[in-house]
Amino acid sequence: MSKTRPCPTKTLLRTVARSPAPVAAATTSEFNDLLRGLSRRSQFSDSLLLFRSILRLGVPPDAFSFPFPIKACASLGLPVNGSLLHCRAVKAGCIHEPFVLTALISMYARCGLVNVARKVFDDIPEEMATAVCYNAMISGYGLDENVVEAADMFNRMRQSGVKVGSVTILGLIPACSLNEHFTLGVSLHGLVFGLGFDGDSTVENCLLSMYGKCGTVESARRLFDAMNVKGLITWNAMISAYAQHGYAGQVLELYEEMKLHNICPDAITFVGVLSSCAHVGDYKLGCDVEKQIEMRKLGDNPFLSNALINMHMRCGKLAKARAVFDAMAEKTVISWTAIINGYGIHGYGRIAAELFDEMITEGIRPDGTAFVSVLSACSHAGLTQKGLDYFNEMEKRYNLHPGTEHYSCVIDLFGRAGQLEKALSIIRSMPVKPDGAVWGALLGACRIHRNVELAELAFKHVSELEPENVGYYVLLSSIYDDARDMDGVIKVRKMMRERKLRKEPGCSYVQCNGRTHLFLAGDVNHRQNDEIYSKLAELENTVKEMDGSGDSHRKCNSRGSLLGVSVHSEKLAVSFAILNTKPGEEITVMKNLRVCEDCHLFMKLITRAVDRRFTVRDATRFHHFRDGICSCQDYW
DNA sequence: CTAGGGTTAG
C-alpha cells in the first residue's frame, strides 16, 4: 500500500501549475536547484512536470536545466518526450554542452534507440568528446547487447587518449551478458585484469552478475569466493545468479551466511530469497520475509509484491496472493502474469482467463510470457476454444510472434480436446522449428487418447531433439502398455538401457506438524509402512463409494493426478499425513504436476471423508532438492 | 556516464 504523505515538491508544483504569478519571479538557477533535488530523489514524473511549468512561466531554461528532464525521460522510457527536449535544447543553444550531450546519448540508448544516440555522438567534434561521452555511448551499446559496436567504441576511446575509467568497464560488461557471449565475457574479464580494474568492487560486482546471466553459476561462484571485499551488492549479485538458475538451496544457504557476516539484506535480497522460497515451497521462510518487508515498510516495492504473489501462489495460498495483488498501486504485466499463472497452476482456468481480460481492459499490453501463462491455464482447465481465441489474438492484435513455448500450449489444447490430426498439421505448418516440448505435447495427447501410431511419430522427433529426457520414454512405454503392446514396451526398455537412461522414481512431499516428508512411488521402506498401506486401501474404497460414477477417477487418471498409478507416491504421502494428524488439522500436499479441476473435486471428497484441510502446493521444481535423498525420510 | 531485482509450458 502506498502511503499518501505530504510532499513538499508536490505542493510547490501545484502552486506553480495553478498560479504562475507569485513564482514567476523565480530565476532559472532556482528552478535548476529544484530539478536537481527531484532528480536526486528519483521523482522523475515530478521533474518533467516542473520543467513544463518552467517553460509555461517563460523562465528560460539553460544548459544546467536540460539534463534533469532528459534523464527523467530515460528512466521513464519516454523517448518521444526526450526528443522534444532535444529539439528545445537545440533551439536554446544548449546542445554543445557536454553534460546535455551525454544525457541525450544515454536517454536515447536507454530507450532502445542506440542509433539515434550514435547520431548525437557523431555530431560531437573529436576534441570535445569527453570520457563521459564515450562512456555513455559504450553503455548504450552494452544495453543493446551489441558487442561489436561496444568494443569498437571502446578501442576508439583508447586510441583517442581519453582516460578509461571503471565506469567505462561497467558500460562494456552488459554487452557480454548474452548467453552466447560467455567466452567474450571471460576475455573481457581478462582485459579488466590487464587494465588493473580487478579489485574495483563495482567492476567485480558487475562481472559477477555477468557470469550469473551468461555463464555458469560455478564461474560466478568462483569470482564471488575470490573477491576480497564483499558488500551487500556482491551478496545480492550472487544470490540473484543462483535464484535465476533455480539453485534455491544455495540461495537460502547464502542468505543465512550473509546475515552471519552482518550484512543486512535489502529489497533486492528479498526478491531472490522469495523466488527461491517459491521454487522450493519454503512457506515458513517466505512468511518470515514477508514480515520483514512489512516491518521495514518495503511494501510498496513492486518487485517485492510480484515476488510475494508468486511465492503465495506456489505455496497454495491463493487468497493471500490475491490480497497482495489487489493492494498493489501499480500493476505491471509481470504482476498480472504472476497472478494469472498462479490460478492456472491450481486449475482455475476460468479465473485466469477473466484476469487476463481484465488486464487488457486496464490497458496493460500482454507480452509473450503473459500469453504462455493464460494459454497453459486454459489447456489445464480444458478451455479449448478460449485458449485458441487467445492464441489467434496474439499475432493479430498484439503483433507478438508465437514461439515454440506458445505452440506447445496450442498443441496441448488441441491434443487434450482429441483433435490429434489437427495438432499434427499445426506442427507441420509452424513458422518456427518445433522443439521437444511441442512434440512432447503431442505425445502427451496420444497418451490420453490412446493413439499408438501418432505417438510413435511424435516420439521419433522428440527423442532426436531431447534424447536424454527420460519422461518421454516413460510416456511412450505407458502408451504401449495401455494398448497391451508388450513388444512395444520391451522395445522402449531396450532403448533406454542402450542409452543408459534410468527413470527416477516419482516422488511426492507432504507437510504435517511442521515437517516435510518425502515419498517415492512404490515405497515400502517407511517405518509406518503397514499402517500407511492399510490407510491407503481404506481411502481408495471411500473415494470409490463417494464417487460411484468413477468419472473423476478416469479423468484424473488421464492427467496423471492423485488416483493414477503413476502418482502412487502422492497417495502414500496423503495416507501418511492422515495417519499423523488429527481431524481439523491442516495438511500441505506438494504436487510436482499441475493441479487440474478434477483434482480439486477429489480433494473435496477426501477432505469431507477424513476431516482434514488440504492445501495443494506447486512443487514443479522441487526436484532440485531431491538429489541424494533417501526414500521415506523426514525431509527437514 | 556508473555494480545487484520480479513472471515462463512439459
Side-chain angles (χ1 to χ4, degrees), chain A residues 67 71 74 98-99 101-103 105-106 109-110 130-140 142 165-174 200-210 212-213 231-241 243-244 266-275 278 301-311 313 332-342 344-345 367-377 379-380 403-412 435-444 462 466 469 471-472 475 560 592-594 620:
Chain A
K71 279 181 209 165
F99 35 88
L101 286 168
T102 48
I105 293 171
S106 162
R110 283 172 65 187
T130 59
V132 187
C133 293
Y134 278 106
N135 290 346
M137 203 56 237
I138 289 170
S139 139
S166 56
V167 181
T168 316
I169 309 291
L170 292 177
L172 201 53
I173 294 170
D200 183 312
S201 65
T202 60
V203 172
E204 283 189 324
N205 288 335
C206 194
L207 280 170
L208 179 52
S209 88
M210 177 203 72
K213 284 193 194 94
L232 173 62
I233 293 180
T234 316
W235 287 88
N236 283 348
M238 194 61 234
I239 285 180
S240 304
Q244 281 158 14
D266 72 349
I268 294 177
T269 324
F270 291 144
V271 167
V273 173
L274 280 174
S275 141
N301 181 325
F303 284 81
L304 281 176
S305 301
N306 295 335
L308 279 172
I309 294 170
N310 186 38
M311 188 273 293
M313 271 302 188
T332 65
V333 222
I334 294 171
S335 327
W336 288 94
T337 305
I339 196 101
I340 289 167
N341 189 54
I345 282 171
D367 60 3
T369 314
F371 271 104
V372 171
S373 292
V374 77
L375 289 174
S376 76
S379 83
H380 286 291
T404 52
E405 67 274 36
H406 302 103
Y407 275 101
S408 63
C409 292
V410 170
I411 301 307
D412 205 46
D435 64 359
V438 173
W439 287 108
L442 183 65
L443 187 61
V462 92
E466 290 180 34
N469 195 326
Y472 297 129
L475 208 49
N592 51 13
L593 287 163
R594 294 290 183 238
T620 321

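Please read all numbers here as calculations on a predicted model, not as lab measurements. Computation of the quantities below employed the complete heavy-atom set of this structure, encompassing side-chain atoms and omitting hydrogens, waters and symmetry-equivalent molecules. So that the names make sense, note that chain A is the first sequence line, chain B the second, and so on, each numbered from 1.
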For [X], answer base if it contacts any base atom (sugar-phosphate contacts may also be present), sugar-phosphate if it contacts only those atoms, and nothing otherwise; contact means non-hydrogen atoms under 4.0 Å.
| X | result |
| --- | --- |
| A:Ser139 | sugar-phosphate |
| A:Leu208 | nothing |
| A:Thr332 | base |
| A:Asn301 | base |
| A:Ala338 | nothing |
| A:Thr369 | base |
| A:Gln244 | sugar-phosphate |

What is the distance from [atom1] of [X] to [atom2] of [N], rounded to the nearest Å?
| X | N | atom1 | atom2 | value |
| --- | --- | --- | --- | --- |
| A:Asp367 | B:dT8 | CG | P | 12 Å |
| A:Leu304 | B:dG4 | CG | C1' | 13 Å |
| A:Ile411 | B:dA9 | CD1 | P | 18 Å |
| A:Ile340 | B:dT8 | CD1 | C1' | 13 Å |
| A:Ile173 | B:dA3 | CD1 | P | 10 Å |
| A:Asn341 | B:dG6 | CG | C1' | 13 Å |
| A:Met210 | B:dG4 | CE | C1' | 15 Å |
| A:Ile169 | B:dC1 | CD1 | P | 18 Å |

Pairing residues for A:Val410 by the side-chain contact (heavy atoms from CB on, under 4.5 Å) criterion, not counting sequence neighbours: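 side-chain contact (heavy atoms from CB on, under 4.5 Å) list for A:Val410, sorted by chain: A:Leu388, A:Phe391, A:Phe414, A:Ile426.
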
Run the side-chain contact (heavy atoms from CB on, under 4.5 Å) test against A:Ser335 and tell me which residues pass, sequence neighbours left out.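 A:Ser335 satisfies side-chain contact (heavy atoms from CB on, under 4.5 Å) with A:Asn306, A:Phe325, A:Met328, A:Lys331, A:Thr332 once adjacent residues are dropped.
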
Check whether any side-chain nitrogen or oxygen of [X] sits under 4.0 Å from OP1 or OP2 of [N], and answer yes or no.
| X | N | answer |
| --- | --- | --- |
| A:Asn135 | B:dT2 | no |
| A:Ser373 | B:dT7 | no |
| A:Thr269 | B:dG4 | no |
| A:Asn310 | B:dT7 | yes |

Ignoring hydrogens and angles, are the base of B:dG5 and the side chain of A:Asn236 linked by a donor-acceptor pair under 3.5 Å?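 Under the 3.5 Å cut-off, the side chain and the base do not form any donor-acceptor pair.
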
Look at the side chain of [X] and decide which nucleotide, out of [options], has an atom nearest to it.
| X | options | answer |
| --- | --- | --- |
| A:Val271 | B:dT7, B:dG6, B:dA3 | B:dG6 |
| A:Ser408 | B:dA9, B:dG5, B:dG6 | B:dA9 |
| A:Leu170 | B:dG6, B:dT2, B:dA9 | B:dT2 |
| A:Val132 | B:dC1, B:dA3, B:dA9 | B:dC1 |
| A:Asp266 | B:dG4, B:dT2, B:dT7 | B:dG4 |

Taking it one step at a time, do A:Asn310 and A:Leu274 satisfy side chain to side chain contact (heavy atoms under 4.5 Å, CB included)? CA-CA 8 Å; A:Asn310 186 38; A:Leu274 280 174; over 6 Å; no

Mark yes or no for whether A:Ser106, through its side chain, and A:Thr102, through its backbone, hold a donor-acceptor pair below 3.5 Å.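 Checking the backbone N and O of A:Thr102 against the side chain of A:Ser106, no donor-acceptor pair under 3.5 Å is found.
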
Any donor-acceptor pair under 3.5 Å from A:Asn341 side chain to A:Gly344 backbone: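 Absent.
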
So, A:Asn205 versus A:Asn236: side-chain donor-acceptor pair below 3.5 Å or not?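 No, A:Asn236 and A:Asn205 have no side-chain donor paired with an acceptor closer than 3.5 Å.
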
